[in-house]
Protein chains: 2
Amino acid sequence: MGARTYSIGEAAKESGVKVPTIRYYEDIGLLGRIARSDGNRRFYDRSDLSRLSFIRHARELGFEVDAIRTLLRLQDDPDQTCEAADAIAKARLDDVERRISSLKLLRSELKKMMHECAAGRISECRVIEILADSSHHHGRLVEP
Amino acid sequence: MGARTYSIGEAAKESGVKVPTIRYYEDIGLLGRIARSDGNRRFYDRSDLSRLSFIRHARELGFEVDAIRTLLRLQDDPDQTCEAADAIAKARLDDVERRISSLKLLRSELKKMMHECAAGRISECRVIEILADSSHHHGRLVEP
DNA sequence: GGTAACACCTCAAGTTGCTAGAGCTTCAAG
DNA sequence: CTTGAAGCTCTAGCAACTTGAGGTGTTACC
């Protein structure tokens, strides 16, 4: 039973990661060595596909490539405690919480702003006014 | 009474925009012509400072530079209706709402993940497992 | 008046996570 | 044998800055 292999296009379909993105992930070292055919085409096996799905899923959850690199190293080394993986997930959760609350602040700012704008002329537009009002400043409402 | 002027460093302090960022904003045409001293140093007057504060505040609220460009044009032209400004603010509000709800989804995913992880070894770590589980996929949880 | 420290200048390149394009090769089908 | 799709490499571009190199101007102190 020869193990099935996949072209980059098939790998893209299976994993949900686009073709150029797969090549990019290889470039930045997320995938390790990928086998090549005689005609210099990449081909992938099942384990490559799971790695791709792993990466895609983690990216969907907003993990940065660097965090994913670490998670992949952990995955490759199943005897370690999952403390490190836990810490990464926790950091991500904290980040998400922070973003949510700053976006909520933002939302109320924007709502207030729009609510007060009575569709008149710019000279009395609250949107513009509030933006121009330098007394009106908080820290970073939007994350970097 | 000669109108007071400010060096770029002072302008940075007053407006809360960093020095290189001020130069950058000038480069991309957000500030118009900035006066120069004999020794080729930029100097700023009060109106430059308000423009900078305006930009900073808008950026804090997450408006893109292009939107800010439009808002600044509107501000310079006080006889227009504020419809356009309103539309920009509304688009931003919609964007913020979208982000909030996708982040909330994300948060519950992450919480579930961490909750199930019983601090054991990687081989049985739910964080890693869930990420690896390709059946576990939704659309874009995170905005582009 | 000299000199040291510091703010300022310009220009180029790096950041993040890809995406898009040009220009070429390889492969499978008809 | 030809055509068209899919592959290849390499480069450049996006947003909104930040960082760095290498040079000039200004100010404070002795």
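Note that this is a predicted model, so its numbers are computed, not measured. Labels below follow one simple rule: chain letters A, B, ... track the order of the sequence lines, proteins then strands, and each chain is numbered from 1. Atom set for the values below is all heavy atoms of this structure, side chains included, hydrogens, waters and symmetry mates excluded.
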Non-neighbouring partners of [X] that pass salt bridge (charged side-chain N to carboxylate O under 4.0 Å, His left out), sequence neighbours left out:
{"X": "R107(B)", "value": "E97(A)"}
{"X": "K90(A)", "value": "D94(A)"}
{"X": "D66(A)", "value": "R69(A)"}
{"X": "D45(A)", "value": "none"}

- [ ] Could you run through nucleotides 25-30 of chain C and give me one letter per nucleotide, 5' to 3': B if any protein heavy atom sits under 4.0 Å from the base, S if only the sugar-phosphate is that close, - if neither?
- [x] -BS---
Anything under 3.5 Å between a donor and an acceptor, one on a side chain of residues 12-24 of chain A, the other on a protein residue two or more places apart or in another chain? List them.
| unit_1 | atom_1 | unit_2 | atom_2 | d |
| --- | --- | --- | --- | --- |
| S15(A) | OG | A11(A) | O | 2.8 |
| S15(A) | OG | V17(A) | N | 3.1 |

Open item on the list: The criterion is side-chain hydrogen bond (donor to acceptor under 3.5 Å, both in side chains); which residues satisfy it with R33(A), sequence neighbours excluded?
Closed with: none
Task: Partner set under side-chain hydrogen bond (donor to acceptor under 3.5 Å, both in side chains) for N40(A), not counting sequence neighbours - done: R36(A)
Task: First and last nucleotide of DNA chain D, 5' to 3', lying under 4.0 Å from heavy atoms of chain B - done: dA16(D) to dT26(D)
Task: side chain to side chain contact (heavy atoms under 4.5 Å, CB included) partners of T5(A), counting only residues at least two apart - done: F43(A)
Open item on the list: Going by side chain to side chain contact (heavy atoms under 4.5 Å, CB included), name the residues that satisfy it together with T70(B), two or more places apart in sequence or in a different chain.
Closed with: R73(B), L74(B), I88(B)
Open item on the list: Tell me which residues in residues 9-26 of chain A lie within less than 4.0 Å of DNA chain C, going by non-hydrogen atoms.
Closed with: K18(A), T21(A), Y24(A), Y25(A)
